[in-house]
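Everything below concerns the one structure shown next.
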Amino acid sequence: MPKKILSGTVVSDKMEKTGIISITTVKQHALYGKNLKRTQRYKFHDEKNESKLGDIVEIEESRPYSKDKNWRLVRVITKAGGSI
């Protein structure tokens, strides 16, 4: 079974070898049709501390690194100041 891959914006990089990514999805209400914005946050393992606040990154599902850190950094798609 392939591993899940997500991409989103880094909202925190204050921990050692750990970052927090925020992923926003827009869904439509089943009955009323109003657009609802949902935000989910994931902790990910960043071995080299290469992701910074505001970067757009790609993370992949992995083994548990801690109680609530089950993702690892695959690559930095876009740096906060511009592109790579």
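Keep in mind that this is a model prediction, so the values were computed, not measured.
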Val11 and Arg41: CA distance, side-chain angles, deciding distance, side-chain contact (heavy atoms from CB on, under 4.5 Å) verdict | CA-CA 9 Å; Val11 293; Arg41 291 162 52 111; 3.8 Å; yes
Could you go through the side-chain contact (heavy atoms from CB on, under 4.5 Å) check for Phe44 and Val10 one step at a time?
-> CA-CA 10 Å; Phe44 64 92; Val10 176; 4.2 Å; yes
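Taking Glu50 as the reference, nothing meets the salt bridge (Lys or Arg N to Asp or Glu O under 4.0 Å) condition, with sequence neighbours excluded. Partners of Asp46 under the side chain to side chain donor-acceptor pair (under 3.5 Å) rule, at least two apart in sequence or in another chain, are Ser51. Every residue meeting the side chain to side chain contact (heavy atoms under 4.5 Å, CB included) condition with Glu47, not counting sequence neighbours, appears here in chain and number order: Lys17, His45. Taking the salt bridge (Lys or Arg N to Asp or Glu O under 4.0 Å) definition, one finds that Arg72 meets it with Glu60, sequence neighbours left out.
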Donor-acceptor pairs are to be reported for all side-chain atoms of residues 18-32 against protein atoms at under 3.5 Å, with residues two or more places apart or in another chain.
from, atom 1, to, atom 2, distance (Å)
Thr18, OG1, Glu16, O, 3.4
Thr18, OG1, Lys69, NZ, 2.7
Gln28, NE2, Gly33, O, 3.1
His29, ND1, Leu31, N, 3.1
His29, ND1, Tyr32, N, 3.1

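The line from CD1 of Ile59 to NZ of Lys43 is 13.0 Å long, rounded to the nearest 0.5 Å. Atom OH in Tyr42 sits 13.0 Å away from atom CG in Asp68 (nearest 0.5 Å).
Contacts classified as side chain to side chain donor-acceptor pair (under 3.5 Å) and involving residues 1-15 (residues at least two apart or in different chains) are not found.
In this structure, the side chains of Val57 and Leu73 come closer than 4.5 Å at one or more pairs of heavy atoms. In this structure the side chain of Glu58 reaches within 4.5 angstrom of the side chain of Ile5, judged on heavy atoms.
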